Amino acid sequence: MRKSRFKTDVVTIIFRRNRHGVRVITSFRVIGTAFPCRRFLFIGGRVSAAQRCLLNNGFRLIFHSGNVLVFKRRRKHG
């Protein structure tokens with residue numbers, strides 16, 4: 001069996017809107033790595049900053065429903 005030349009990174013963000021309507025992170029999970037966006041993933045952080053970083057670094061939004069966002073990226077590994 002051949003090993004895949006790719007690794008998959010998955011980031012799930014759960015959010016709520018604060019009283020000003022801004023989406024803030026209430027929970028998140030990273031499978032693999034979220035580098036270089038890890039600094040934007042924290043409870044109380046803005047979803048917009050994390051989402052912008054993830055999309056600019058090869059992640060694709062693969063699921064969005066209600067207050068859940070799921071991003072996925074395939075990357076080559078050594």
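These numbers were taken from a predicted model, which means no experiment stands behind them.
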ILVMFWY network linking Val22 to Val68, side-chain heavy atoms under 4.5 angstrom: no

Residue pairs involving residues 8-36 (criterion side chain to side chain donor-acceptor pair (under 3.5 Å); sequence neighbours excluded): Asp9-Arg73, Asp9-Arg75, Arg23-Gln51

Of all pairs that satisfy side chain to side chain donor-acceptor pair (under 3.5 Å), the ones with a partner from residues 57-71, not counting sequence neighbours: none

Fellow cluster residues of Leu69, listed by chain then number, with links counted only when side-chain atoms sit under 4.5 Å apart: Val11, Ile13, Phe15, Ile25, Phe28, Val30, Leu41, Ile43, Val47, Leu54, Leu55, Phe59, Leu61, Phe71

